[in-house]
Amino acid sequence: MDVKSNEPFWLVKNGLLASYPSLHSDDECDVLVVGGGITGSLIAHQCVGEGYKTILIDKREVCNGSSSATTSMLQFEIDTPLYELIKLVGEKGAVASYDACYKAIDQLGEIASKIKSKAGFKKKDSLYFAAFKKDVEWLKKELETRNKAGFEGKWLEAEEILKKYGIHGTYGGILSKQGGSIDAFCLAHELLEYNHKKGLQVYDKTELTGVEYKRGFNLCTTATGAVIKAKKVVYCVGYETANMIREKFVDLLSSYAIISEVDEKLYRQYKDVLIWNTADPYLYMRTSDDGRFLIGGEDEEFRNPPKRDALIGKKEEKLVKAFKKLFPDKAFYSDFAWAGTFGETKDGLPYIGEHSDFKNSYFVCGFGGNGITFSVAGMEMVSNWLKRKKHLLSPYFAFGR
């Protein structure tokens, strides 16, 4: 599956940060991580840090899947509002899921600091505004539910949003203090380099083609002919998991994004806030660490890559038009436009856990608008699984739930 368009901004901006060899000789390890994007790099970081002999493989160049196309908005808010999620999974699971994403933003900041990252991690406020008048009632209910659960936020009227952020045509919204952004492509590379120096074995262009399940270990065959004997396998292959699991558990969508030329004025005004709305699909905006303004949205059902990419020009026009409607007094000069794959689950939660068809194995599938923060939560869940310890979130993120 091609999970991105040809020229996502982060890949062009950063270039080829690192390249690793393919695997051509048999090896063995405690943990085999399959997938070298931001999720795989975080899981490998956890495993190496806990002393497991870890091998990571990717069928592409590392980080060249969805991690090069993500818009990397770090939100604690899940795509399903908290009050709705409580109805779906119960208060305990809903609040714990939000709390995990809330804490994940700070945890990611700590990781970035520890490895001396240059990926531009920045804490930001988050403005979630009503795109339609009919959304005000439930959005205020959402704020009340969040505050009751301990997630601080306040209501801004439309006039306050216009005055503070210069956004026209809103009907009020929630301002939260917990949010952030980062260049996930760059961070993933940094994590792999940091852990490679600590013993992580990284092989790209090494596709997993078959697994033979044994008692206490798996024999994993690669397209290069090498066989890896792994006590445990952790799959971090994102939306490609949909091709591995027999039952349908995620709806794949194409999501589009554009980013402006460097604009210091726009950057200064919006560098400290994430902006998104209640439209369906929702519109989301942030600045990048190199002084640009990013807009994403216009999601629709996943199409084959050529058809998806053929829509980029039309989607770019729509996203620029949306910007001008919200900011009629500001100019936007589009510099890059791209598409990537996005996934929706029935409850907005990820799939992180074991699957009965895959022995000695574990999946970390972020999905939704919280893929990165869910992956950070997955680090602790993988750690518990390796130690045969239970985790609070396991039943809520499980396959077959």
Side-chain angles (χ1 to χ4, degrees), residues 27-57 89-90 92-101 103-104 107-108 110-111 191 195 198-202 208 210-221 227-238 241 244-247 249 345 347 349-367 370-401:
D27 210 334
E28 59 182 72
C29 59
D30 297 320
V31 182
L32 172 63
V33 177
V34 183
I38 184 61
T39 301
S41 67
L42 286 165
I43 298 305
H45 179 70
Q46 180 73 26
C47 293
V48 171
E50 293 191 352
Y52 297 103
K53 182 184 177 184
T54 307
I55 295 176
L56 180 145
I57 62 173
V89 305
K92 182 180 178 181
V95 172
S97 299
Y98 265 72
D99 189 53
C101 290
K103 291 175 179 175
Q107 290 168 352
L108 203 62
E110 291 166 6
I111 291 170
L191 283 165
N195 289 289
K198 293 183 175 295
L200 173 67
Q201 295 171 240
V202 182
L208 181 66
V211 180
E212 188 178 348
Y213 301 110
K214 301 291 186 179
R215 191 166 190 169
F217 65 91
N218 293 344
L219 291 178
C220 305
T221 304
V227 177
I228 304 169
K229 179 182 178 182
K231 293 178 183 176
K232 301 290 183 182
V233 180
V234 183
Y235 292 97
C236 304
V237 295
T241 311
M244 298 174 62
I245 304 293
R246 65 178 186 272
E247 64 268 20
F249 64 98
T345 62
D347 48 19
L349 298 179
Y351 283 87
I352 302 178
E354 296 176 277
H355 190 283
S356 57
D357 290 346
F358 299 81
K359 310 302 181 187
N360 308 313
S361 303
Y362 201 81
F363 286 84
V364 182
C365 310
F367 297 139
N370 299 71
I372 297 174
T373 49
F374 281 144
S375 295
V376 174
M379 293 170 69
E380 183 179 77
M381 296 179 72
V382 166
S383 176
N384 279 25
W385 174 66
L386 291 170
K387 298 182 179 78
R388 297 183 179 179
K389 292 168 58 179
K390 292 182 179 180
H391 194 282
L392 171 63
L393 292 171
S394 292
Y396 305 104
F397 294 178
F399 289 96
R401 61 179 181 259

Revision key, fill the gap. Exactly one candidate in Val33, Ile43, Asn195 meets side-chain contact (heavy atoms from CB on, under 4.5 Å) with Thr54; the answer is Val33
Review point. Considering only heavy atoms from C-beta outward, does the side chain of Gln46 approach that of Leu386 to under 4.5 Å?
Key: no
Check your understanding: Could Arg401 and Tyr351 be counted as a cation-pi pair, given that NZ or CZ must be under 6.0 Å from the ring centre and within 45° of the axis?
Key -> yes
**Study point:** For the student: nearest non-hydrogen atoms of Ala377 and Ala100, plus distance
**Key:** CB-CB, 4.1 Å
Check your understanding: Mind checking what makes side-chain contact (heavy atoms from CB on, under 4.5 Å) contact with Asp99, not counting sequence neighbours?
Key -> Lys103, Phe151
Check your understanding: What residue among Trp385, Phe397, Phe358 forms ring-ring contact (aromatic ring centres under 6.0 Å, His included) with Phe363?
Key -> Phe358
Practice item. Please round to the nearest 0.5 Å and tell me the distance separating atom OH of Tyr98 and atom CG of Asn370. Key: 8.0 Å
Check your understanding: To the nearest 0.5 Å, what is the distance between NZ (Lys214) and NZ (Lys359)?
Key -> 15.0 Å
Practice item. Find out whether Val233 and Cys220 are in side-chain contact, i.e. whether some heavy atom of one side chain is under 4.5 Å from a heavy atom of the other. Key: yes
Review point. Quick one: SG on Cys365 to CG on Leu349, what's the gap to the nearest 0.5 Å?
Key: 13.0 Å
Review point. With no hydrogens and no angle check, is any side-chain donor or acceptor of Ser41 less than 3.5 Å from a backbone partner on Thr39?
Key: no
Point to revise | Leu392 side chain near Lys92 side chain, heavy-atom distance below 4.5 Å | key: yes
Exercise for review: Would you mind reporting whether Leu393 and Ile352 have side-chain heavy atoms less than 4.5 Å apart?
Suggested key: no
**Study point:** Close side-chain approach of Phe374 and Phe367, heavy atoms under 4.5 Å
**Key:** no
Exercise for review: Report the C-alpha separation of Thr241 and His355 in whole Å, then their side-chain angles, then the decisive distance to 0.1 Å, and conclude whether the side chain to side chain contact (heavy atoms under 4.5 Å, CB included) test is met.
Suggested key: CA-CA 11 Å; Thr241 311; His355 190 283; over 6 Å; no
**Study point:** Euclidean distance, Ile372 CD1 relative to Leu42 CG, rounded to 0.5 Å
**Key:** 8.5 Å
Review point. Is the closest side-chain heavy-atom distance between Met381 and Ser394 below 4.5 Å?
Key: yes
Study note, to complete from the structure: Interatomic distance, CZ@Phe399 vs CG@Asp357, rounded to 0.5 Å, equals 10.0 Å
**Study point:** Sidechain N-carboxylate O distance under 4.0 Å for Asp30, Lys53
**Key:** no
Exercise for review: Heavy atoms only: give me the nearest Tyr213-Ser361 pair and the separation to one decimal.
Suggested key: CE2-OG, 4.4 Å
Practice item. Measure from the side-chain N and O atoms of Asn384 to the backbone N and O of Lys390, and report whether any donor-acceptor pair falls under 3.5 Å. Key: yes
Practice item. Indicate yes or no: at least one non-hydrogen side-chain atom of Asn218 is less than 4.5 angstrom from one of Leu32. Key: no
Check your understanding: Is the backbone of Met379 close enough, under 3.5 Å, to the side chain of Ser383 for a donor and an acceptor to pair up by distance?
Key -> no
Check your understanding: Counting only heavy atoms not in Lys387, do more than 12 sit closer than 6.0 Å to its NZ atom?
Key -> yes
**Study point:** Cys29 and Gln201, any side-chain heavy atoms less than 4.5 Å apart
**Key:** no
Review point. Roughly how far, to the nearest 0.5 Å, is the NE2 atom of His45 from the CG atom of Leu200?
Key: 11.0 Å
Study note, to complete from the structure: By side chain to side chain donor-acceptor pair (under 3.5 Å), Glu380 pairs with (sequence neighbours left out) His391
